[in-house]
Amino acid sequence: MNIDLLIKMANEIGDFFTGATGSEQAARDVANHLKRYWEPRMRQQMLAYYEQRHGAGLSDVAKNAVGLLYAASKAPPGGAPAGSAAAGSATGAKA
Amino acid sequence: MYAIDYEDFGTPQPAEASGSVTVEIDGRPVTVPEGTSIMRAAALAGVKVPKLCATDTLKAFGSCRLCLCEIDGRKGYPASCTTAVAAGMKVRTESPKLTQLRRSVMELYLSDYPIERQPTAAEARTELHAMAEKLGVRSTPYANGQRHLGAPKDESNPYFTFDPNVCIVCSRCVRACDEIQGTFALTIQGRGFASKVAASQDQPFLESECVSCGACVEACPTAALTEKSLVALGPAERVEKTTCAYCGVGCGFEAEVRGQGADTEVVRMVPDRDGKANHGHACVKGRFAWGYATHPDRQLKPMIRKTIRDDWREVSWQEAIGYAASEFKRIQARYGRDSIGGITSSRCTNEETFLVQKLVRAAFGNNNVDTCARVCHSPTGYGLKNTLGESAGTQAFDSVMKADTIMIIGANPTDGHPVFASQLKRRLRQGAKLIIADPREIGLVRSPHVEADEHLQLRPGTNVALLNALAHVVVTEGLTKEAYVAERCEAESFAKWKAFVAEPRNSPEASESITGVPAERVRRAARLYAKAGNAAIYYGLGVTEHSQGTTAVMGIANLAMATGNLGREGVGVQPLRGQNNVQGSCDMGSFPHEFSAYRHVSDPVVRKSFEDVWGVKLQAEPGLRIPNMFEAALDGSFKGMYVQGEDFVQSDPNTHHVSAAMESLECCVVQDLFLNETAKYAHVFLPGSSFLEKDGTFTNAERRTSLVRKIMEPLAGYQDWQITCLLSNALGYPMNYRNAGEIMDEIARLTPTFAGMSFEKIERLGSIQWPCNDEHPEGTPTMHVGQFVRGKGKFWATEYVPTSEKVTSRFPLILTTGRILTQYNVGAQTRRTGNVVWHAEDVLEIHPHDAEVRGISDGDWVGLTSRAGDTVLRAKVSTRIAPGVVYTTFHFPETNANVVTTENSDWATNCPEYKVTAVEVVLVNQKDAWQKRAHEERALPRTKHKDRTPA
C-alpha cells in the first residue's frame with residue numbers, strides 16, 4: 001500500500017487523540033485505533049516502515065503509537081497486546 | 001383520487017384532545033375525542049356524509065357545502081366538516097331538505113363540468129362522479145350558462161396531467177401543497193367565476209415551483225389532476241404494502257398493481273397513510289420515479305468475460321455462478337485468503353446485506369467486507385458510538401413536532417429527505433426556531449412561510465471550529481445543564497471538555513477568521529439552541545464527509561449532552577441517512593471490523609456466537625475498508641471483489657485512482673440492475689432485482705425496520721439474497737434459506753438489537769424501531785431515555801484541525817458537492833425515469849463574482865480542475881453559494897464530479913472528504929478528454945446479444 005497515505009492517516013489519527021486525550025495517552029489511543037481498525041497488512045507495512053525508516057514523517061504521537069505496536073510485535077507470544085492500556089478509552093465501552 | 005383500499009374519514013383526527021364526547025348521529029351513538037368534526041364522528045359511526053372539499057389528510061375547509069347536516073336545537077344547515085361535536089349533540093346527515101340542498105349544490109358544480117360527455121376511466125372513478133351518482137344527479141339545469149370548458153390541458157409534468165375542464169376549484173390541491181408538502185406552489189387565482197387553480201404565476205406545472213410530490217394529485221376529488229400511469233394502464237386490481245427504495249426516510253407505500261405473475265405491473269405508488277415515517281406523504285422520487293425497475297436498460301441475463309477488454313458473453317446462471325466461484329477460489333489459492341472481499345449495498349435489504357457479509361466472513365474466510373456507508377455516514381457510527389454508545393440516530397421523525405429549536409448542520413432536507421422536510425416545515429410554521437449551518441443557502445434558509453433565524457454560512461471544512469465556538473458560548477455563558485450532565489455523563493470527560501471549549505481560541509470571535517461566520521451570529525445561535533425547551537440537531541453528509549467528519553459528529557453529541565437535549569421527544573441528534581438502508585446495512589455487520597449490532601470482530605464471545613451458528617472459524621482481525629481495498633489492489637495483494645448493488649467507480653472519490661485499482665483485479669463480480677460504471681471493470685455480471693421484486697426489510701434513519709414485499713417476480717429470475725446463496729453454495733459454504741424471513745430469524749438470533757424482530761411481528765406492528773428485544777418488545781422510538789446506551793455519556797475535546805486540502809493560487813476555489821431533489825445518488829435509478837426533465841445534467845454553481853472575474857456566464861461550459869483530475873460541465877451562476885466556493889452534484893457519469901475529488905478522508909473511518917476540494921474553474925469550449933473517451937465507450941455495444949428475456 002501507499003506508505004505516504006498510511007503515514008498521513010496515522011498522523012491524522014494522532015492529531016485527534018492529541019487534542020482529545022493529551023499526548024501521553026494519545027499514543028496508546030492511536031495504537032489501539034490502528035489495532036482495531038487497520039487491516040493487518042496495513043499495520044504490517046507501517047511496522048516495516050517504522051523498522052526501516054524509524055518512522056520518518058510520522059508525528060511524535062503517531063510514531064510513539066507505532067512504536068508501541070512494534071514492541072508488541074516483537075514481544076514473546078502471550079505478552080501484553082500493544083495499546084492494551086488504552087483499550088476501552090478510545091473506542092467506547094461497549095465496542 | 002384515493003388508493004383503492006382507503007377509507008376517508010373526512011377530517012383529520014384532532015391533534016391533542018383532552019377528553020371524549022358522546023354524540024348521536026342518525027340515531028347512532030358514537031364517542032369521539034373532543035374537537036372531532038361531525039363528519040369524522042359520523043364516519044367513525046359508519047355514516048358517510050357526502051363531501052367534496054374534505055379529506056382526512058387536510059384541515060377542514062367548509063367550501064363545497066355538500067356535507068351539510070341538521071343539528072337538534074340549532075338553526076340552519078352547518079357544514080359537518082367544520083362543526084365540532086359537542087356533548088349530547090344529535091345530528092341528522094340525511095333528510096329530504098338536506099338531499100334537496102345537496103342536489104342543488106351538485107347541479108351547480110356540474111354546470112361547469114363536462115357531465116354530458118362519456119367520462120374517461122379515471123374520471124368515472126372520482127369522488128365527484130361517486131357523489132353525483134349517490135345524489136342521483138346526472139345532469140344540470142344550468143348547462144346553457146357560461147362555462148370554462150375548452151381550457152388547454154397541462155401535460156408538462158412527466159407524471160401527471162392537469163385538466164382545468166374537470167376542476168371544481170375545491171382547493172384540495174392548493175391545501176395539499178400548503179399543508180402537506182409545504183411548498184405553496186399552487187393557488188386559486190382570480191375571483192368569482194374567474195377563479196381557477198394556478199401553479200406559481202399561472203405557469204405550466206413543470207415550469208412552476210411545484211416539486212411534483214403528488215400530494216395535490218392524490219387529494220384531487222375529480223380527474224383534474226391525474227397520474228399518467230393510471231390513464232395509461234387503467235385502475236389497479238389490488239394493493240401491496242412495501243417500503244420506498246430511495247432515501248433514508250423510508251416511506252411506506254401501497255403499490256397499486258394489476259395482472260398476475262410475470263404479467264404484474266405497477267399502476268401507481270401511493271404513500272401509505274399508516275406509514276409511520278411518512279404518514280401518507282411522498283416525494284417525486286418515491287411516488288413517481290419507479291419506472292427504472294422495468295427500464296429497457298435492465299440487464300436480465302448473467303454474463304461473463306475473461307478480461308475487461310473482452311465483449312460480454314451471456315451465459316446461464318449456473319455457468320456465471322460457477323465461473324465466479326472458481327475464480328475466487330483460484331485467486332485465494334494463488335494470492336492468499338485475504339486477497340478477495342465483498343461490498344454490501346445500502347440499496348439492498350437487511351437480509352441481503354447480512355448474507356453478503358456472512359459470505360465474506362464465512363465463505364471467503366476473511367473480514368474484507370465493507371459497504372457504501374463508508375463514504376457517507378461511517379463517521380456517524382464511530383462518533384455516536386464513542387459518545388452516546390450507539391451508532392444510530394436518537395429519535396423518531398415525529399419527534400421534530402415537539403422541537404422548539406431545530407439546528408440543521410450540513411444537510412439539505414428539502415432535496416435529500418423531502419418527506420421529512422415537509423414535516424419539519426410544518427413544525428417551523430407552528431413557530432419552532434431554525435438554525436442552519438451550511439456553506440450554501442439551502443432551500444430551508446428562505447422558503448414560503450419558513451425562514452431560518454440564523455444561517456451560519458461557514459466555509460467548507462470548518463464544522464469543528466464552528467461547533468467548538470457554539471460550545472464555547474454554551475459553556476462560558478452558563479448554559480450547560482449541569483444537573484443533567486452530572487446525572488448522565490462522565491464527570492471527568494465533561495470537565496476536560498468544558499475547559500477545552502472555554503479556551504479563548506475557541507470563542508466565536510477567535511474562530512470567525514476560520515469559519516467566516518460573524519461571531520455575534522454564532523452567539524445568537526448558541527443561545528437559541530441552548531435555551532430552547534427542546535432543541536434537536538439534524539445533520540447530514542455536510543458533517544461526515546470531511547477529514548474531521550467523526551470529530552464533528554462527536555462535537556454535535558457534546559453539544560446535545562451539555563445542554564440536556566437527549567433522551568426524550570423533541571430533542572436529540574439525528575443523522576439524516578442518505579440511502580434507504582444505510583442504517584440497516586451498517587446494523588447488519590457490513591463494516592470490516594464489526595459483526596451485526598456494531599460488535600468488534602476481536603470480541604471472542606461475540607465471535608463464538610457467530611461461529612456456533614455458522615459452523616466455521618471466523619477471523620479476529622479487521623478486514624479492509626473500501627479505500628484500503630483499492631490501495632491493496634494497486635499493490636497487488638487484493639485481486640477479487642463481489643459487489644452487490646454499489647457503483648463506487650462513480651460514487652467514490654478520485655475516480656482515476658479507483659479505476660486504476662479496479663483494472664488490476666483478476667475477478668470482479670458485479671450484481672446490479674444495470675451495467676453501471678463499476679461493471680466496466682467486472683468479469684462477471686449477475687443481474688439483480690429491484691425493490692419491487694424481492695422480500696425483505698429496510699431500516700431507515702430513525703432505526704425503523706419496515707417490510708419490503710415482492711410485488712412482481714424477479715425479472716432476471718432471482719432475488720438478490722438468492723443469488724448470494726447460489727454463490728456461497730458454489731464456493732462450498734452452504735446457504736439454504738427458503739425465504740427472506742428465515743434470514744431475519746437468523747439476524748434476530750445473532751443480533752441483540754434485533755432479537756425481538758420477525759417478519760410476522762413487523763407485519764403486525766407495521767414497522768419496528770430497534771432496539772427490539774425483551775425489554776422493548778415493540779421497539780424503541782427514542783434512544784437514551786434515562787441513561788445513555790454506553791452508561792455514562794462521554795465528552796470528547798474536539799480540536800479543530802484544518803484539512804490538508806487548501807486553496808492555492810493554482811486552485812483558488814473550494815468545491816463542495818451535494819444532491820438535488822429529483823436525482824438520487826449516482827442516478828442509476830432516477831436517470832432512467834421522467835425525473836431527467838428537471839435535472840438532465842450536473843451543473844456547477846458559481847458565485848457571480850467568481851464567474852465574472854473568469855468571464856463565465858450562466859450556461860457556459862466550464863472546466864473544473866483539481867489536483868486529482870478534470871471534468872467539464874455547465875456553469876450556473878448563483879448567489880446560493882458564497883464567493884470562493886463552487887458546488888455541484890454527482891448524479892451523472894457523463895460529468896462525474898468524483899474525477900475531481902481527492903483521496904483525503906476522515907481520520908477515524910476513511911470516509912472521503914467530498915465536501916472540500918481545492919479547484920480552479922475556467923471557461924472552455926469542449927468536454928474533457930476522459931469524458932469523450934467515456935462517451936465513446938458508452939456508445940459501443942456491450943454485449944453480443946441482448947434482449948429482455950430472463951435467463
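By convention in this document, chain letters (A, B, ...) are assigned in the order of the sequence lines, proteins followed by strands, and residues within each chain are numbered from 1.
Rounding to the nearest 0.5 Å places CD1 of I3(A) at 11.0 Å from CD of E631(B). Atom OG in S637(B) sits 5.5 Å away from atom CE in M1(A) (nearest 0.5 Å). Atom CG of L624(B) sits about 12.0 Å away from atom CH2 of W38(A), to the nearest 0.5 Å.
At a threshold of 4.5 Å between non-hydrogen side-chain atoms, the residues E12(A) and V801(B) do not count as touching. Using a 4.5 Å heavy-atom threshold, the side chains of Q548(B) and D15(A) count as separate. Using a 4.5 Å cut-off on side-chain heavy atoms (C-beta onward), R36(A) and S602(B) make contact.
Looking at L5(A), the atoms closer than 4.5 Å to chain B (heavy atoms on both sides) all sit in the side chain, from C-beta outward.
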(Q) Run M42(A) and N628(B) through side-chain contact (heavy atoms from CB on, under 4.5 Å) and show every step you take. (A) CA-CA 8 Å; M42(A) 297 163 69; N628(B) 309 149; 3.5 Å; yes

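For the set T550(B), N910(B), T909(B), L634(B), the count of heavy-atom pairs under 4.5 angstrom toward chain A peaks at N910(B).
In this structure, W907(B) has its ring center under 6.0 Å from that of F17(A).
Every residue two or more places apart in sequence or in another chain that forms a ring pair (Phe, Tyr, Trp, His ring centres under 6.0 Å) with F494(B) is listed here: F795(B). Scanning for salt bridge (Lys or Arg N to Asp or Glu O under 4.0 Å) contacts around R867(B) gives E805(B), E903(B), with sequence neighbours left out.
Considering every non-hydrogen atom in both G19(A) and A797(B), the closest pair reads O-CB, 3.5 Å. The two residues E39(A) and P622(B) come nearest to each other via the heavy atoms CG-O, 3.3 Å.
The pair E621(B)-R41(A) fails the salt-bridge criterion, with no side-chain N (NZ, NE, NH1 or NH2) lying under 4.0 Å from an Asp/Glu carboxylate O.
Note on ring orientation: taking the six-membered ring where Trp is involved, the planes of W796(B) and F16(A) are tilted (angle from 30° to 60°).
Side chains of H33(A) and Y382(B): a donor on one and an acceptor on the other come within 3.5 Å.
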